[in-house]
> 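Here it is, the structure in full.
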2 protein chains.
Amino acid sequence: MKILLHLSYLGTNYCGYQVQPNGVTIQQKLNEAAKQLFGYDCDIVGCSRTDSGVHANEFCATVTKKKENALYTNIPTDKIPQAITHWLPDDICVFAAEEVADDFHPRYDVKYKEYVYKIWNSPVRDPFTQGRAWHCPKRIDDEGLERMKRAAACYIGKKDFCSFMASDSKVEDTVREVFDSELEREGELITFRVRADGFLYNMVRIFVGTLVDVAYGKIEPEDIPKIIEQRDRRAAGSTAPPHGLYLNKVSY
Amino acid sequence: MKILLHLSYLGTNYCGYQVQPNGVTIQQKLNEAAKQLFGYDCDIVGCSRTDSGVHANEFCATVTKKKENALYTNIPTDKIPQAITHWLPDDICVFAAEEVADDFHPRYDVKYKEYVYKIWNSPVRDPFTQGRAWHCPKRIDDEGLERMKRAAACYIGKKDFCSFMASDSKVEDTVREVFDSELEREGELITFRVRADGFLYNMVRIFVGTLVDVAYGKIEPEDIPKIIEQRDRRAAGSTAPPHGLYLNKVSY
C-alpha cells in the first residue's frame, strides 16, 4: 500500500518544499512527522518543488517506508490526516489521504496543476495579506485590469514558454500547455489563476510580473505573443515575489 | 483639527488594544508611530477595547497632540495613512484618515459597531486560518447550521443581554440593541456577523459559544429567549476563544 497525502501549508517560515542542507523545509517536517506516526524512516515524494515563501492550498506527496514501495500501518487511511497533522507544526496540515497504486508517481503522473497568485492593490499595506499577497501600492484601475485580462488570455495554449522561465534553469523542453489563465478582482485583492500540464521554473511569477507591467503600461497586452515568440527571458516582464504564490490544485 | 484614523490589525501578537503595564498593545504601537510622524507626544483615543488576540478589519481612533484637543501637522490628511503606517509594525496599518469636529468622541459617538466571528469547521486544522478562526473539528451539518441560524435570529432586538456578559464585568446598563445577527457558510468556514449599538464585555464571544452549543445539540434554538430572560451568565453557553473575533465596522 502506497499513500498519497494532500496537504496545505503557509510557506512563510520555510525554505521551500524540498529538503536542503541549510534551512527548514516542508519535506523535512513531513519526514519528521511520518517517522513519529509510523515509527520508522519514510520516503516522502512530492508533486513539485515550491520555492521559499511560496504557499500551497493543495500539495500532494506520497509516503512509503524508506527504500520500500509500501507503507505498513494499522492506522485506517481516513484517520491518517488528523494523526499525521498532530505531529506537524501549525503552518502545515494534511487534510486528506488516499491509497494509490504501487506504480503511482506524484510528479510524473500529474495531469494538470493550478496555481493562484494574489496581489494586494491598495496604497496602504494590509495586515491580513502580509506575506500572503504581493503588495502593489499603485492603483490598477478598470482599464488596467482589462489590459491584464487581455494579456493573460494570450498565455492560453500549447506554447514554448522559454521567455517565462528563470534564465538559470537548465530545462530543455520548454513547451507547456496552459488551459486556463484568468484574473478577478474582489475589493483590493486581485487574483490570477492559471492551470497547465506543467510549469517551468518561475513561470507563474514571471507571468504575474509581466501582467503587472501590462497594468502599469510598461508592456502592451498585444506584445505578449511577440514576447512568447522571442524565446528570451529578457523579453518578458519582472518576476513577481514568491509570497503571493499558491499551488492551488493538483490533478492526476 | 482632530484626526480620526481607520486602522486594521492582526491581534495575534498583542495584549489587546488598550495600553497596559505588561505586554505590548496596539495603542502603544500607535502612540510610538504618531510620535515618530508628528514629532511630539500624542493622545490616541480608541473606539473600544479589544481583547488579547482579537483582530480588527476596522478600528477607529482619534489622534491629537498630548493634552490638547488638536493635531498640528503640515501633512495633508489623505497622506497620513501611508505616512503613519510606515512607522507601524507589519500587523497594524492605518488605511484611512479624516478630519472630525473638535467635540467628536470615537467611543461615545459610535452609532453602531459590527463584529464578525470566524469558525473553521473541519476535522483537520488549517494553516491559513490558524490564529484567525476558531477551529471546531466536529462537523456542523446543514441541520446544525439551520439551528444556529434560528438561534442567532433570537439575538436581534433591544434586549437586556446580561446573560451574555462576562460575569466579572461591572457594567450596570446591560440593555443593547442588536440590528443584525446572521450566519453564513462558505466551504469549511462559518462566519457570524452581528451589528449592534454597543456590546457588553465578551458579548460576541458568548453569542458564538452559545451558537456552537446549539449546533452540537447542547442547547435548543428555542431556549435562547429563555436564556436572555434569565439575566444570568450561567444560563448561556461557553465563551468562544478571542482569535476568531474581528471588529469589522464602526459607524458614526
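What's counted below: heavy atoms across the whole structure, side chains too, no hydrogens, waters or symmetry copies. Per chain, numbering begins at 1; letters A, B, ... match sequence-line order.
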> If we only count heavy atoms from C-beta on, is the A:Asp90 to B:Pro127 side-chain gap below 4.5 Å?
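Contact flag for A:Asp90/B:Pro127 side chains = no.
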
> Between B:Val124 and A:Thr85, which heavy-atom pair has the shortest distance, and what is it?
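Closest approach of B:Val124 to A:Thr85, heavy atoms only: CG1-OG1, 3.6 Å.
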
> A:Ile92 versus chain B, heavy atoms under 4.5 Å apart: side chain, backbone, both or neither?
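A:Ile92 touches chain B through backbone heavy atoms alone.
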
> With a 4.5 angstrom heavy-atom cut-off, could you sort out which part of B:Gln130 is near chain A: side chain, backbone, both or neither?
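Looking at B:Gln130, just its side chain touches chain A.
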
> Decide yes or no on ring pair (Phe, Tyr, Trp, His ring centres under 6.0 Å) for B:Phe128 and A:Tyr9, but give the supporting numbers first.
CA-CA 8 Å; B:Phe128 298 100; A:Tyr9 54 83; 8.3 Å; no

> Side chain, backbone, both or neither: which part of A:Pro89 has a non-hydrogen atom closer than 4.5 Å to chain B?
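Backbone only.
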
> Within a reach of under 6.0 Å around CZ of B:Arg185, are more than 12 heavy atoms found that belong to other residues, nucleotides or ligands?
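Result for CZ/B:Arg185: enclosed.
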
> About how many Å separate CG of B:Asp91 and CG of A:Asp126, when rounded to the nearest 0.5 Å?
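Separation between the atoms: 11.0 Å.
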
> Name the member of B:Pro81, B:Ala96, B:Pro123 that forms the most heavy-atom pairs with chain A at distances under 4.5 Å.
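Answer, by heavy-atom pair count under 4.5 Å with chain A: B:Pro123.
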
> Side chain, backbone, both or neither: which part of A:Ala83 has a non-hydrogen atom closer than 4.5 Å to chain B?
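When you check distances to chain B, no heavy atom of A:Ala83 falls under 4.5 Å.
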
> Taking A:Arg125 for its side chain and B:Cys93 for its backbone only, find out whether a donor-acceptor pair lies under 3.5 Å.
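Checked: no pair found.
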
> Identify which part of B:Leu88 has an atom lying under 4.5 Å from any heavy atom of chain A, answering side chain, backbone, both or neither.
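The answer is both parts of B:Leu88.
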
> Which residue out of B:His55, B:His86, B:Arg132 racks up the most heavy-atom pairs below 4.5 Å with chain A?
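Looking at each option in turn, the highest pair count goes to B:Arg132.
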
